[in-house]
Chemist: 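Here's a structure for you.
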Amino acid sequence: MRRIAIAAFAALFVTACSKDSTGPATPNLTIGAGAFGTALTIAGGYDADTYQNRLANGLPDEIRLTSDQQARIKALVQAFEQATRSDREALGAILREARSAIEAKKSRNQVNAILSRGADIRARLAAAESKLKSDIDAVLTPEQRAWVAAHSPRACKAEQFPPLTDAQKAQIRSLESAFQEKNKADLETMKAAMDEAQVAIRAGKSRDEVAAIMAKAAPAAARLAAARKTLHDQILAVLTPEQKASGCVPLG
């Protein structure tokens, strides 16, 4: 993982600047691509907070996260963000400095020198993000892990995905929150139906009796499926052309 991360960071040296090492660098909008790790981007989650929300709101009702799972994942994300904050801020500063150098027509060697300071940081962040993904996977059930694998972007080139900006993250959080609020009644209906069905199963009720319980919630389930598709498309619309070109679409 470390070698891959460093190699991807080194690739920026070539793509961010002109071929003339002593001449002025040429602007490149993908200079920060893959800067903060790739494990969550490959899964269609991009960063820790976004991935957490995608799991909470993207999974279908029959395998939705339990309250305990949500709490455990939230704790993992908070610990990751706290542990990596200084590295994320440091790498962000380096990337901003490199962009400024390109805009100021600095040479390729000068821009490379700036970027080289972030190689070790990038490797640590990539490793930390990969561990977070593994830790979250351990919280999920086999069925949930299978769904994530089946609904992750198929042709994602994470090393070409420019990290989400703070504005994009805020937009996506707002969309996820709006989904929860707008569909609160249907979400509660589905939870009640699932709980009732579980009680019926434990009580030895027949398959037909359990199916009748779930049938009552069918209209809510249909509305939620459509709402999740809309949310997925709304998140996709937040991405820039460069981010979409990487093939890294949102989970779901």
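For the single chain, residues carry numbers from 1 onward in sequence order.
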Chemist: Would you say the side chain of T50 lies within less than 4.5 Å of the side chain of I235, judging by non-hydrogen atoms?
Modeler: no
Chemist: Check whether any side-chain heavy atom of T84 sits under 4.5 Å from a side-chain heavy atom of F36, and report yes or no.
Modeler: no
Chemist: Verify, without hydrogens or angle tests, whether S152 (side chain) and V148 (backbone) share a donor-acceptor contact under 3.5 angstrom.
Modeler: yes
Chemist: Where do Q69 and R64 come nearest, in terms of heavy atoms and distance?
Modeler: OE1-O, 4.1 Å
Chemist: Give the intermediate values and the outcome of salt bridge (Lys or Arg N to Asp or Glu O under 4.0 Å) for residues K229 and D233.
Modeler: CA-CA 6 Å; K229 174 63 167 61; D233 292 344; 2.7 Å; yes
Chemist: Judged by atom type as modelled, is there a donor-acceptor pair below 3.5 Å linking the side chain of E129 to the main-chain atoms of L40?
Modeler: yes
Chemist: Is there a continuous path of hydrophobic side-chain contacts, each under 4.5 Å between heavy atoms, that joins L59 to L224?
Modeler: no
Chemist: First locate atom CD of Q243, then atom CG of L164, and finally report the distance between them rounded to the nearest 0.5 Å.
Modeler: 5.5 Å
Chemist: Counting C-beta onward and ignoring hydrogens, is there a side-chain heavy-atom pair between R173 and Q168 closer than 4.5 Å?
Modeler: no
Chemist: What distance do L65 atom CG and L140 atom CG have between them, rounded to the nearest 0.5 Å?
Modeler: 6.5 Å
Chemist: Using 4.0 Å as the upper bound for N to carboxylate O, is an ion pair formed by R124 and D120?
Modeler: no
Chemist: Does a side-chain heavy-atom distance below 4.5 Å link T141 with I63?
Modeler: no
Chemist: For K244, check side chain to side chain donor-acceptor pair (under 3.5 Å) against everything at least two apart and list the hits.
Modeler: none
Chemist: Out of curiosity, L231 CG to E176 CD, how far, rounded to the nearest 0.5 Å?
Modeler: 4.5 Å
Chemist: Do I201 and V199 belong to the same hydrophobic cluster, where Ile, Leu, Val, Met, Phe, Trp and Tyr are linked whenever their side-chain heavy atoms lie under 4.5 Å apart, directly or via other members?
Modeler: no
Chemist: Are the side chains of R54 and I172 in contact, using a 4.5 Å heavy-atom criterion?
Modeler: no
Chemist: Do K191 and L187 touch side chain to side chain, with heavy atoms closer than 4.5 Å?
Modeler: no
Chemist: Please examine the side chains of C248 and Y46, heavy atoms only from C-beta on, and report whether any two atoms are closer than 4.5 Å.
Modeler: yes
Chemist: Please tell me whether F161 and L95 are part of a single hydrophobic cluster in this structure, the criterion being side-chain heavy atoms less than 4.5 Å apart.
Modeler: no
Chemist: Drop me the distance from D135's CG to R72's CZ, to the nearest 0.5 angstrom.
Modeler: 10.5 Å
Chemist: Can you give me the closest heavy-atom contact between E62 and M194, atom names plus distance?
Modeler: CA-CE, 3.6 Å
Chemist: Could you pull out the closest heavy-atom pair between A43 and P153, with the gap in Å?
Modeler: C-CD, 3.8 Å
Chemist: Which heavy atom in Q160 sits nearest to a heavy atom in A33, and how many Å separate them?
Modeler: C-CB, 3.6 Å
Chemist: Look up atom CG in L91 and atom CG in L115, then write down how far apart they are to the nearest 0.5 Å.
Modeler: 9.0 Å
Chemist: Could you check if a side-chain atom of H151 sits within less than 4.5 angstrom of a side-chain atom of L251, using non-hydrogen atoms only?
Modeler: yes
Chemist: Check this for me, if you would: do D47 and K169 make a salt bridge, where the nitrogen-to-carboxylate-oxygen distance has to be below 4.0 angstrom?
Modeler: yes
Chemist: Which atom pair, heavy atoms only, marks the closest approach of D186 to A220?
Modeler: OD1-CB, 3.5 Å
Chemist: Say whether L239 and Y51 are linked into one hydrophobic cluster, either directly or through other cluster members, by side-chain heavy-atom distances under 4.5 angstrom.
Modeler: no
Chemist: As an exercise, state the distance from CG of D87 to CG of L125, rounded to the nearest 0.5 Å.
Modeler: 5.0 Å
Chemist: Specify the closest pair of heavy atoms between A39 and K133, including all atoms of both residues, with the distance to one decimal.
Modeler: CB-CB, 4.2 Å
Chemist: Membership question, hydrophobic clusters at under 4.5 Å side-chain separation (ILVMFWY): are F80 and L76 in the same one?
Modeler: yes
